[in-house]
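The structure appears right after this line, and notes come after that.
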Amino acid sequence: MKKFIAALLSLSLIAGAAIMSHAESYYGDIDKNGSINSSDALAILKYTVGLTKSIDTKIADVNHDGAVNSSDALKVLQISIGKLPSETVKSSTTKPTTKPTTATTKKTSSTTRNPNWGPFEVGTTDVSKYIGSIKKAWKVTNVSGLNIQIARVELNKSITQKFDANINKQITNPKTITYKPTCSVALITCDTPTRLNLSKGTTLDNTENIAKNVGAVLAVNGRNGYPSNIANIRSGAIIQKYDGTEGKAKSSLVFYKDGSWKYVNNFDNTTAANEIKKGAYNTCAYQDKTIEGGKFVSTYNDSIYRNRTFLGRISATKYVLMTTEFMPIRDAADVMLAYGVKDAVQINGGNCSQMYVKGIGNTTGSSGASIKPLNKVGKLETEWFADYSLYSDNRKGGPCSHEAYIIYFK
């Protein structure tokens, strides 16, 4: 620790005066003189080692991880020499806070970044500041008009849950397990909104096979979704008519060619035909509305955590596909909101939750014969169960083979 402090002090001398000065208040501007320089970094460092008893912890927490430590001091130095952008403080009316007197009251950061992974493409938002740590990251860039970045994100929180037949009837060794929820997030930037597609669902199969059949680069499982009490649109045409045998038609998420979304109730044949005239080109069945207008709106019963699949929209040409592993829906929404998602739905869940990426291989390293050959990121439920020996034979299971639709980009 002493060596680190000495090195940081040396860097502060090298950094010298700040190269930036603003009238606004910025994170890291500890003395609030309108500039960020090495003296601010030194002020943070003194606080972390107890030489200073109070500091404005809101301004000093530059990486937004809930703690003030040497990582913040280093980041201030990087800002001062222009290696990192500065960030405006939302409110500069905070008062200095006295340094905690016991170590137990100080929160430890667990938001270490993958050094090979650059900033996410959602403005200046950095998911790892607010949510958790990036365990793995991939970039898919071999398709013209598509930029796909994928990250495996582990939350900073731990959850304890009992795993028994209430979650999956195949569990023969019930256990109570404490774990950190994880998700696989794909950030997709595309040249046109119609790169987002849904398969027609003519045959039942698993996500991998359906994705390969349609030539998808990236896909997640869809939702079989009301075979007879909703009309379905694909590529601007009705491919499945509402037959009226199950009462009133259900609602549907409608995608339009301009990239807009709309939730439409009573989606029958007449409604579908009218929406096609307005530019509708696809519809999507969903389990629950998770985010609307940038706000968490889910009312789903989330008492038992499962694997789940989400689709989120940031803008007309920017989307998020996400699969979660035993993560609360509220936390899943927070991850998407950190990416800048404005609207999102929960598509499906359970062992069918899967993210397919063309040619990526099985990134979790499963040895199970039915999982090993899959091109996927993230763990299937059965794969996760096997890791904790919840099956008597420790089998790896396999993906659902009864999927009708996938959501994909190609």
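Residues: numbered from 1 along the sequence shown.
Remark: the Ser353 side chain and the Thr323 side chain contain no N/O donor-acceptor pair separated by less than 3.5 Å. Counting only N and O atoms by type, the side chains of Thr364 and Ser366 include no donor and acceptor under 3.5 Å apart. Counting only N and O atoms by type, the side chains of Ser401 and Asn206 include no donor and acceptor under 3.5 Å apart. Counted by atom type alone, Asp258 and Ser260 present one or more donor-acceptor pairs between their side chains at under 3.5 Å.
Side-chain atoms of Ser199 come within 3.5 Å of backbone atoms of Ile406 as a donor-acceptor pair (strictly under, hydrogens ignored). Proximity of a side-chain donor or acceptor of Arg313 to a complementary backbone N or O of Val341 within less than 3.5 Å is not detected. Listed for the Asn351 side chain is a donor-acceptor partner under 3.5 Å among the backbone atoms of Thr382. Between the Asn274 side chain and the Thr271 main chain, no donor and acceptor come within less than 3.5 Å of each other.
Residues Val68 and Ile44 form a side-chain contact, since some pair of their non-hydrogen atoms from C-beta on lies under 4.5 Å apart. In this structure, the side chains of Gln149 and Trp138 stay at 4.5 Å or more apart for every pair of heavy atoms. The shortest distance between side-chain heavy atoms of Met327 and Thr182 does not fall below 4.5 Å. At a threshold of 4.5 Å between non-hydrogen side-chain atoms, the residues Tyr286 and Gln346 do not count as touching. Using a 4.5 Å heavy-atom threshold, the side chains of Arg152 and Val377 count as separate. Two residues are said to be in side-chain contact when any heavy atoms from C-beta on lie closer than 4.5 Å; Asn266 and Ser251 fail this criterion. Side chains of Ile314 and Val320 form a contact here, defined as non-hydrogen atoms less than 4.5 Å apart.
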Apply side-chain contact (heavy atoms from CB on, under 4.5 Å) to the pair Asn147 and Lys139, showing each step before the final yes or no.
CA-CA 8 Å; Asn147 182 287; Lys139 191 170 184 178; 3.6 Å; yes
Go through the steps to decide whether Val345 and Tyr263 satisfy the test side-chain contact (heavy atoms from CB on, under 4.5 Å), and finish with yes or no.
CA-CA 10 Å; Val345 290; Tyr263 301 97; 3.5 Å; yes
Is there a side-chain contact (heavy atoms from CB on, under 4.5 Å) between Ile233 and Ile239? Walk through the geometry before answering.
CA-CA 6 Å; Ile233 297 174; Ile239 65 160; over 6 Å; no
Audit row: Asn168, Phe385, side-chain contact (heavy atoms from CB on, under 4.5 Å) steps and yes/no
CA-CA 10 Å; Asn168 189 306; Phe385 292 156; 3.6 Å; yes
Report the C-alpha distance between Asp302 and Arg308 in whole Å, list the side-chain angles of each, state the deciding distance to 0.1 Å, and finish with yes or no for salt bridge (Lys or Arg N to Asp or Glu O under 4.0 Å).
CA-CA 11 Å; Asp302 200 27; Arg308 296 187 175 101; 3.0 Å; yes
Candidate pair Ser39 and Asn37, rule side-chain hydrogen bond (donor to acceptor under 3.5 Å, both in side chains), full reasoning
CA-CA 6 Å; Ser39 64; Asn37 53 36; 2.4 Å; yes
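Considering every non-hydrogen atom in both Met322 and Thr324, the closest pair reads CE-CG2, 3.9 Å. Closest of all the heavy-atom pairs between Tyr27 and Asp61 is CD2-O, 4.2 Å. Minimum interatomic distance between Gly312 and Ala344 (heavy atoms only, all atoms of both residues): CA-CB, 3.8 Å. In terms of heavy-atom proximity, Thr283 sits nearest to Leu198 at O-CD2, 3.4 Å. When all heavy atoms of Ile238 and Asn269 are compared, the closest pair comes out as CD1-O, 3.9 Å. Of all heavy-atom pairs between Tyr339 and Ala151, the closest is OH-CB, 4.1 Å.
Distance check, rounded to the nearest 0.5 Å: CD1 of Ile55 to OG1 of Thr48 gives 8.5 Å. Summarising the geometry, atom CD belonging to Gln354 is positioned 10.0 Å from atom OH belonging to Tyr356; distances are rounded to the nearest 0.5 Å. Atom CG of Leu45 is separated from atom CD1 of Ile30 by 11.5 Å, given to the nearest 0.5 angstrom. Here the CD1-NZ distance, from Ile360 to Lys376, works out to 10.5 Å after rounding to the nearest 0.5 Å. Between atom CG of residue Asp40 and atom CG of residue Asp72 there is a gap of 12.5 Å, rounded to the nearest 0.5 Å. Annotation: the span from Ile188 atom CD1 to Leu196 atom CG amounts to 8.0 Å, rounded to 0.5 Å.
Each of Thr207, Asn221, Asn348 was checked for a side chain to side chain donor-acceptor pair (under 3.5 Å) with Thr309, and the lone residue meeting it is Asn221. Screening Lys241, Gln240, Lys200 for a side chain to side chain contact (heavy atoms under 4.5 Å, CB included) with Asn232, the sole residue that qualifies is Gln240. With respect to Val357, the side chain to side chain contact (heavy atoms under 4.5 Å, CB included) criterion is satisfied by exactly one of Asn375, Leu218, Ile148: Leu218. When each of Trp384, Tyr305, Tyr388 is checked for a ring-ring contact (aromatic ring centres under 6.0 Å, His included) with Phe163, only Trp384 meets the rule.
Applying the disulfide (SG to SG under 2.5 Å) rule to pairs touching residues 317-385 yields Cys352-Cys400, sequence neighbours excluded. For residues 146-213, no residue pair satisfies the disulfide (SG to SG under 2.5 Å) rule, not counting sequence neighbours. Pairs passing the disulfide (SG to SG under 2.5 Å) check and including a residue from residues 145-177, sequence neighbours excluded, do not occur.
The aromatic rings of Phe326 and Tyr179 stand perpendicular to each other, their planes meeting at an angle above 60°, with 30° marking the opposite boundary. In this pair, Phe255 and Tyr281 present their aromatic rings tilted. The plane angle is within the 30 to 60° band.
Shown here are the side chain to side chain donor-acceptor pair (under 3.5 Å) partners of Lys157, two or more places apart in sequence or in another chain: Asp331. Residues passing the side chain to side chain donor-acceptor pair (under 3.5 Å) test with Lys379, sequence neighbours excluded: Asp387. Annotation: salt bridge (charged side-chain N to carboxylate O under 4.0 Å, His left out) contacts of Lys46 (sequence neighbours excluded): none.
A salt bridge links Lys262 to Glu275: at least one charged side-chain nitrogen sits closer than 4.0 Å to a carboxylate oxygen. We find that Asp268 and Lys250 are not joined by a salt bridge, their nearest charged nitrogen and carboxylate oxygen being 4.0 Å or further apart. Under the 4.0 Å criterion applied to side-chain N and carboxylate O atoms, Lys180 and Glu325 are not assigned as salt-bridge partners. Salt bridge status for Lys358 with Glu208: absent, with no side-chain N to carboxylate O gap under 4.0 Å.
A cation-pi geometry, defined here as NZ or CZ lying under 6.0 Å from the six-membered ring centre and within 45° of its normal, does not hold between Arg195 and Tyr319.
Counting non-hydrogen atoms of neighbouring residues, nucleotides and ligands closer than 6.0 angstrom, the NZ atom of Lys372 reaches no more than 12 such neighbours.
Remark: aromatic rings of Trp261 and Tyr256 are distant, center separation not under 6.0 Å.
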